[in-house]
Peer 1: 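Would you mind keeping the following structure in view while I ask a few things?
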Amino acid sequence: MRVVVSIGGSVLAPDLAHERVEGHADAIEELADAGCEIGAVVGGGGVARDYIGTARELGANEIELDDIGIDVTRLNARLLIAALGGRAAPSPAKTYEDAGEAMRRDDVAVMGGVVAGQTTDAVSAALAEYTDADLLLYATSVPGVFSADPNEDEDAKHFEEMTAGELVDIIADVEMNAGSSAPVDLLAAKLIERSGVRTIVLDGTDPQRIVDAVLRGEHDGTDVIPEGTDDQMTYWADG
Ligand SMILES: Nc1ncnc2c1ncn2[C@@H]1O[C@H](COP(=O)(O)OP(=O)(O)O)[C@@H](O)[C@H]1O
Ligand SMILES: O=c1ccn([C@@H]2O[C@H](COP(=O)(O)OP(=O)(O)O)[C@@H](O)[C@H]2O)c(=O)[nH]1
């Protein structure tokens, strides 16, 4: 089973505690030991937003700000690579081709950002499409996709399940700026819709939830169901 795991910077590195990064590396190793081919894409989190905020005050334009964000995602990717030791390709892949080659070698491929104008959510969806992944999992800081930002609107409704088209509609309303917050960005939602990859969005602050979702199909997040399929997902544990 080929899996792309997108780990938000807010989940992997809200601070630089090494135990948290080790916990995520352990989860990825558990998946690899169970026979999964893994691509991991790491976000920039609060550190990226801090840099972007300062550079915006200094007059940098949005593309320059995105490039700063990409640099931070690659720094975070290097932390995960350090924790994975010999299991990971030694530097963050800068192209989908390099990441795909690493996965074919049975290395864990770790990526940060790729190009301005998007977020690592889109990188994850593109890597899933490029590698024809069986599952794309977003480990973020909220327990899935809601009808509105759950940190802003206490009446926001949680989706246990939604179609990729519904995901596109929800995300289209979220503002898009360097450093902006959304469970997945609009390009990611469109790529998910196009590729039909099975997708889960969950609270990944405890990395064991990622393992439970991939290996056992157990999670409290949101299943994004490819259109034109029935609702029954088959999980690795089912054979
Ligand atoms: N419709 C929505 N459903 C869920 N979360 C949302 C929604 N709209 C905005 N958000 C915000 O998106 C944030 C997740 O994005 P972000 O902080 O960039 O996470 P990550 O670092 O995991 O990519 C949440 O903290 C939440 O406040
Ligand atoms: O391919 C990419 C990936 C990231 N970014 C920039 O880097 C920031 C941080 O990445 P991301 O939002 O994915 O990290 P998160 O905040 O979700 O952890 C983004 O807001 C963008 O400004 C980009 O321009 N292109």
Side-chain angles (χ1 to χ4, degrees), residues 3-31 34 36 38-49 73 76-77 79-80 83 110 112 119-125 128 133 135-164 166-167 170-171 173-174 179-186 188-189 192 197-225 233 235-237:
V3 185
V4 172
V5 181
S6 182
I7 310 176
S10 61
V11 168
L12 184 77
D15 48 42
L16 292 180
H18 66 90
E19 296 88 349
R20 190 176 290 102
V21 183
E22 276 160 5
H24 282 279
D26 289 347
I28 287 171
E29 285 181 32
E30 193 174 334
L31 295 179
C36 297
I38 310 283
V41 181
V42 174
V47 176
R49 289 196 184 95
T73 63
N76 285 340
L79 289 181
L80 187 60
V110 184
T119 74
T120 50
D121 301 334
V123 175
S124 309
L135 180 65
L136 169 61
L137 186 146
Y138 288 95
T140 185
S141 53
V142 284
V145 183
F146 290 71
S147 55
D149 185 342
N151 290 323
E152 302 282 325
D153 181 351
E154 60 184 28
D155 295 326
K157 172 179 162 292
H158 176 256
F159 293 100
E160 270 178 33
E161 204 174 273
M162 67 198 312
T163 65
E166 288 166 341
L167 179 67
I170 294 270
I171 298 304
D173 290 339
V174 180
S180 69
S181 278
V184 305
D185 73 14
L186 184 57
I192 290 166
V197 63
R198 286 175 175 178
T199 302
I200 298 172
V201 182
L202 52 66
D203 177 350
T205 46
D206 175 356
Q208 194 55 42
R209 294 199 193 111
I210 300 171
V211 175
D212 290 342
V214 175
L215 297 185
R216 290 176 273 286
E218 294 168 5
H219 68 87
D220 297 327
T222 301
D223 276 313
V224 183
I225 311 289
M233 297 232 189
Y235 290 95
W236 191 232

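Throughout, numbering of the chain's residues begins at 1 and tracks the sequence. Computed from a predicted model, the values in this text were never measured in an experiment.
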Peer 1: Should we say atom CG of D149 is surrounded by more than 12 heavy atoms from elsewhere, each under 6.0 Å from it?
Peer 2: yes

Peer 1: Between CD1 of I38 and CG of L135, what distance do you get to the nearest 0.5 Å?
Peer 2: 9.5 Å

Peer 1: Distance from L12 atom CG to T205 atom OG1, nearest 0.5 Å?
Peer 2: 12.0 Å

Peer 1: When you measure from the side chain of S147 to the backbone N and O of K157, does any donor-acceptor pair fall under 3.5 Å?
Peer 2: yes

Peer 1: Where is the tightest heavy-atom contact between V224 and T163, given as atom of each residue plus distance?
Peer 2: CG1-C, 4.0 Å

Peer 1: V41 vs V4, test: side-chain contact (heavy atoms from CB on, under 4.5 Å). Steps then yes/no.
Peer 2: CA-CA 7 Å; V41 181; V4 172; 4.3 Å; yes

Peer 1: Between S124 and V184, is any pair of side-chain heavy atoms under 4.5 Å apart?
Peer 2: no

Peer 1: Do you know which two heavy atoms are closest between L136 and A125, and how far apart they sit?
Peer 2: CD2-CA, 3.8 Å

Peer 1: F159 versus I170: any side-chain heavy-atom pair under 4.5 Å?
Peer 2: yes

Peer 1: Can you tell if the side chain of H219 reaches within under 4.5 Å of the side chain of I210, non-hydrogen atoms only?
Peer 2: no

Peer 1: For atom CD of E154, is the number of surrounding heavy atoms from other residues, nucleotides or ligands below 6.0 Å larger than 12?
Peer 2: no

Peer 1: Just how far is it from atom CG of L31 to atom CG of D26, taken to the nearest 0.5 Å?
Peer 2: 11.0 Å

Peer 1: Got a second to check how far I28's CD1 is from I7's CD1, nearest 0.5 Å?
Peer 2: 4.0 Å

Peer 1: If I compare all heavy atoms of A139 with all of V11, which pair ends up nearest, and what's the gap?
Peer 2: O-CG2, 3.6 Å

Peer 1: Look at the side chain of N76 and the backbone N and O of G43, then say whether any donor-acceptor pair between them is shorter than 3.5 Å.
Peer 2: yes

Peer 1: Would you check if the side chain of H24 reaches a backbone N or O of L80 as a donor-acceptor pair within less than 3.5 Å?
Peer 2: no

Peer 1: So which atom in P150 and which in A156 form the shortest heavy-atom distance, rounded to 0.1 Å?
Peer 2: CA-CB, 4.0 Å

Peer 1: Any chance CD of Q208 has more than 12 other-residue heavy atoms, nucleotides or ligands included, within less than 6.0 Å?
Peer 2: yes

Peer 1: What distance do D220 atom CG and D203 atom CG have between them, rounded to the nearest 0.5 Å?
Peer 2: 9.0 Å

Peer 1: Of all heavy-atom pairs between S6 and D121, which one has the smallest distance, and what is that distance?
Peer 2: OG-OD1, 4.2 Å

Peer 1: Could you give the distance from CG (N151) to OG (S141), rounded to the nearest 0.5 Å?
Peer 2: 7.0 Å

Peer 1: Closer than 4.0 angstrom, basic N to acidic O: yes or no for R20 and D15?
Peer 2: yes

Peer 1: So T120 and V42, do their side chains get closer than 4.5 Å, heavy atoms only?
Peer 2: no

Peer 1: Looking only at non-hydrogen atoms, find the nearest pair between D185 and A188 and report the distance.
Peer 2: OD1-N, 2.7 Å

